[in-house]
Amino acid sequence: MPRSKRWLIVPAILLALFLLVLIGAPYLIEHLAEQWLDDHGGDHVDIRDVDFNPFTATLVLKDVEIAVEDRKPLNFERAYLQLRWLPLWDKHIDVQHLELEGFSILVRNKDVLRVGGVLIEAGEELNEAEPAEDQASIWLAGLESFTLKDFTLHYEDNKISSKVFIDSLTLGELKQWTPETPARLQYQGAVNDAGIKLDAMLLPFAASPGYKGNLRIEKLPLTGFEPLARPALESLGGLVSLDGDFDVAQTDDGFVLTHNGRLALDNIKVAQEAAHVSNESLEWNGTTELDIGMSESPTSVKLDGKLALQNTGIEHQAAHVNNQSAEWNGTTELDIGTSESPTSLRLDGSLSVDGLTTRLPRQQFRITWDELDLQGSLSLPDTAATDAIGMKADLELAALDLSVPDKAVNIISTRKIQLTGLDVQGTQQVTVGQVVAEGLDLGRSISEQETAVEEERQAIYHAGKVVLDKVTHSGGFTSIDTIMEDDVHVIYHRDKDGEWKVNSLLATLSAKDSDEVPDRVDEADGAQKPPSAAEQTSADAEAEPYNDRARIAVNHIEAAAGSSLTILDEAVTPVFRQVLTVDELWLKNLDSSKPEQASTLKLNGRIGKHSKLTADGEVMPFLQPPNLDMKANLYAMDLPKLSAYTRESMGLLLDSGTLDVDLVVASKDKVMEGEATLLLHQLSLQSTDSEDGLASKLPV
């Protein structure tokens with residue numbers, strides 16, 4: 001054969017081989033792909049069309065479908081891949097564009113992991129003893145553009161089932177050979193029908209990897225994640241929303257996550273064996289910084305912003321709490337300790353809690369308030385040691401009410417309480433610059449509020465305003481510089497059944513749960529009745545000296561002019577009612593730690609229109625028995641009102657007359673001695689029919 005013909009045959013053969021590769025490559029790719037997918041778990045694999053262009057390095061797969069039994073865990077309409085050939089000489093796999101469209105995939109992680117019907121074998125552990133790969137032999141990968149359109153992922157395992165939908169996702173400029181150039185990721189879609197939008201910049205290959213951007217989640221249901229919370233929680237429900245900027249920076253010993261924006265939880269319901277929690281809405285607006293350390297490095301959380309809650313309910317066997325709204329505005333720092341450092345907490349800001357109701361079933365107490373406002377700071381260097389607590393704050397509380405509904409008694413109620421200059425240094429060191437209580441009531445009957453007459457609706461103790469200055473509690477000792485009481489009215493009331501209401505209040509406070517209060521036994525059975533509250537209090541006082549109990553000292557106590565003491569007795573006929581109006585009343589130098597120290601008392605007051613009462617002297621109330629050195633004078637006491645008592649006891653009615661009393665009382669050797677001078681004016685009496693009265697024995 002001539003040489004010239006041989007030179008023509010060689011190119012022809014090469015051209016034929018090239019055409020054969022060009023035409024056969026798509027079929028070979030299709031066959032190999034189908035065979036690989038079939039070998040890894042697909043019952044039936046179908047690829048409608050494969051298009052490969054070696055000149056432009058593009059590969060297109062169309063209508064790919066994998067069937068397993070009666071399901072189709074993987075199918076997509078179109079997959080497009082474009083590479084660059086020249087970077088391969090530099091060991092760079094440069095993907096110009098990768099696009100998936102109309103993609104649907106099922107990930108099942110039950111007995112085995114299957115992704116799109118393809119069985120994923122468990123990976124082998126890396127052998128750390130193997131030498132590191134030579135830097136010169138490392139291949140690097142890069143992605144110019146990656147696009148997902150109409151992508152749906154279904155995830156199933158033994159606990160949850162979730163659906164991720166991608167309306168559109170783009171990723172660009174992700175290259176290992178330019179690690180400091182950020183890649184941009186944009187996503188818009190949904191997770192379990194909750195809309196999600198993401199716009200982020202990524203630096204996964206940089207010397208200090210980082211991720212930042214904006215993430216928005218709209219009302220993601222928590223119900224689908226409930227199985228993951230078991231057995232710690234019995235049920236979990238609600239919606240989560242998130243909107244804000246985030247920044248994730250990787251460090252040598254962990255990473256730092258920062259988020260600035262909004263986090264909202266709506267219609268939250270959490271239940272466990274001991275408690276049930278519900279919340280209409282919880283919203284956080286501010287900056288959150290989470291610094292997570294690895295190994296023994298500490299983890300810290302810093303919050304700066306506003307937290308608002310609406311209609312929160314907590315049901316626990318020890319307490320039932322309902323709250324209309326609560327708001328915290330300030331900074332919070334939590335350091336989660338390690339084996340070498342304790343967990344600590346610091347807060348600084350303002351707290352408001354409105355419309356709170358707390359019920360204590362065992363104690364039968366009900367505590368409510370309308371508004372609580374607190375401004376200050378709290379530090380807890382070691383959360384396991386409450387004695388280390390530190391707090392500085394100003395507090396205002398409106399419409400506080402402590403009651404026992406089952407016994408229809410308001411124990412304490414007040415229109416407003418203010419604490420200024422509160423300083424807490426551990427549980428044993430507390431100081432308050434000033435305490436102000438306005439509209440303070442002690443022992444008000446709930447059942448009589450609407451039906452009783454005005455005087456019967458009054459509390460045992462009412463004060464328009466009480467001011468305590470310079471209150472200090474340290475080591476079990478409480479000192480108060482001054483107590484000023486304004487518009488004070490005290491009622492000592494006995495009802496028609498002969499029960500003094502102050503005793504009823506003491507019994508309510510001292511009683512435990514209703515099922516623990518013993519029933520009274522009839523004396524006819526020969527059993528002894530349990531002691532009353534007053535008897536028990538007296539017995540405790542005799543058994544326990546003051547020095548062994550909580551100690552208290554008050555420099556000065558004063559009740560403002562116009563205050564009053566009322567005695568109301570409905571157990572006699574006619575009803576007895578007498579009012580002492582105070583012109584001057586003060587007590588100085590009280591100190592339970594110094595029982596032999598004399599306290600000075602002074603009283604000037606009026607009974608009715610014309611009677612006057614004065615008292616001046618010294619008392620030692622903390623001695624056992626108390627010591628008294630007092631002079632008192634009662635002038636022009638109106639006697640007819642005492643007929644309510646003389647009628648039954650003496651059979652006498654006091655028609656007219658007044659009484660003057662001069663009284664001198666002094667204690668000596670634990671015995672009280674005194675002298676009283678009585679002077680009656682214009683006394684007029686008459687007898688009544690009474691078998692036990694004085695008139696039945698002596699004619700009057």
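Worth knowing before you read on, the calculation uses all heavy atoms, side chains too, and leaves out hydrogens, waters and symmetry mates.
- With hydrogens and angles ignored, the 3.5 Å screen pairs a side-chain donor or acceptor of S599 with a backbone N or O of N589.
- Using a distance-only test at 3.5 Å, with no hydrogens or angles considered, no donor-acceptor pair links the side chain of Q434 to the main chain of T420.
- Rounded to the nearest 0.5 Å, atoms NZ (K197) and CD1 (I217) are 14.0 Å apart.
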**Request:** Please lay out, stage by stage, how L282 and I268 fare under the test side chain to side chain contact (heavy atoms under 4.5 Å, CB included).
**Result:** CA-CA 8 Å; L282 181 154; I268 295 298; 5.8 Å; no
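- In this structure, OG1 in T566 is found 13.0 Å from CD1 in I460, a value given to the nearest 0.5 Å.
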**Request:** Applying side-chain hydrogen bond (donor to acceptor under 3.5 Å, both in side chains), run through H489 and D487 and close with a yes or a no.
**Result:** CA-CA 7 Å; H489 301 283; D487 191 26; 2.7 Å; yes
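- For the pair T472/T478, no side-chain contact is recorded, criterion being any heavy-atom separation below 4.5 Å from C-beta on.
- Under 3.5 Å, the side chains of N329 and E327 contain no donor-acceptor pair of N or O atoms.
- E280 CD to N311 CG: the interatomic distance, rounded to the nearest 0.5 Å, is 4.5 Å.
- In this structure the side chain of W284 never reaches within 4.5 angstrom of the side chain of L265, judged on heavy atoms.
- Inter-residue side-chain proximity for F365 and T358 is flagged as unmet; no heavy-atom pair is nearer than 4.5 Å.
- For A598, the side chain to side chain contact (heavy atoms under 4.5 Å, CB included) partners two or more places apart in sequence, or in a different chain, are E618, M620.
- Looking at S592, its side chain does come within 3.5 Å of a backbone N or O of I552 through a donor-acceptor pair.
- The shortest heavy-atom contact between A318 and H316 is N-ND1, 2.9 Å.
- Distance check: L585 CG to E558 CD gives 8.0 Å after rounding to the nearest 0.5 Å.
- When all heavy atoms of P381 and S344 are compared, the closest pair comes out as O-CB, 3.2 Å.
- For the atom pair I411 CD1 and S403 OG, the distance stands at 7.5 Å (nearest 0.5 Å).
- Salt-bridge formation is not detected for the pair K501/D495: no Lys NZ or Arg NE/NH1/NH2 atom is positioned less than 4.0 Å from an Asp or Glu carboxylate oxygen.
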**Request:** Could you walk me through whether Q428 and H473 pass the side chain to side chain contact (heavy atoms under 4.5 Å, CB included) test, one step at a time?
**Result:** CA-CA 7 Å; Q428 296 299 315; H473 176 79; 4.1 Å; yes
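- In summary, the side chains of H320 and N322 do not present any donor paired with an acceptor at a separation below 3.5 Å, with no hydrogens or angles considered.
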**Request:** Evaluate side chain to side chain contact (heavy atoms under 4.5 Å, CB included) for V404 paired with Q363, printing each intermediate quantity in order.
**Result:** CA-CA 9 Å; V404 183; Q363 293 81 5; over 6 Å; no
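- Proximity of a side-chain donor or acceptor of N323 to a complementary backbone N or O of S325 within less than 3.5 Å is detected.
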**Request:** Check step by step if side chain to side chain contact (heavy atoms under 4.5 Å, CB included) holds for Q429 and T431.
**Result:** CA-CA 7 Å; Q429 181 69 38; T431 62; 4.0 Å; yes
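- When all heavy atoms are compared, the tightest approach of D266 to S281 is OD1-CB, 3.6 Å.
- Around atom CG of D193, no more than 12 heavy atoms belonging to other residues, nucleotides or ligands sit under 6.0 Å away.
- Here the side chains of V321 and L356 are in contact, with some heavy-atom distance below 4.5 Å.
- Between W369 and I417, every side-chain heavy-atom pair lies at or beyond the 4.5 Å cut-off.
- Under the 4.0 Å criterion applied to side-chain N and carboxylate O atoms, D591 and R551 are not assigned as salt-bridge partners.
- At distances below 3.5 Å, not a single donor-acceptor pair connects side-chain atoms of D348 with backbone N or O atoms of L378.
- The one candidate from L590, L468, T482 that meets the side chain to side chain contact (heavy atoms under 4.5 Å, CB included) condition with I557 is L590.
- From N214, atom CG reaches atom CZ of F246 across 8.0 Å, with rounding to the nearest 0.5 Å.
- Between the side chain of D394 and the backbone N or O of G421 there is at least one donor-acceptor pair closer than 3.5 Å.
- With respect to R346 and D335, a salt bridge is recorded, a charged nitrogen being found less than 4.0 Å from a carboxylate O.
- In this structure a side-chain-to-backbone donor-acceptor pair under 3.5 Å is missing from T223 to G237.
- No side-chain donor from either of D304 and T331 sits under 3.5 Å from a side-chain acceptor of the other.
- Side-chain atoms of P361 and Q317, non-hydrogen and from C-beta on, never get closer than 4.5 Å to each other.
- Between L263 and V240 there is a side-chain heavy-atom pair separated by less than 4.5 Å.
- Nearest heavy-atom pair across W500 and L568 is CZ3-O, 4.4 Å.
- The nearest pair of heavy atoms linking L220 to V191 is CD1-O, 3.4 Å.
- Inter-residue side-chain proximity for L345 and T332 is flagged as met; some heavy-atom pair is nearer than 4.5 Å.
- For the pair L360 and A319, the tightest heavy-atom approach, listed with the atom from each and the gap, is CD2-CB, 3.8 Å.
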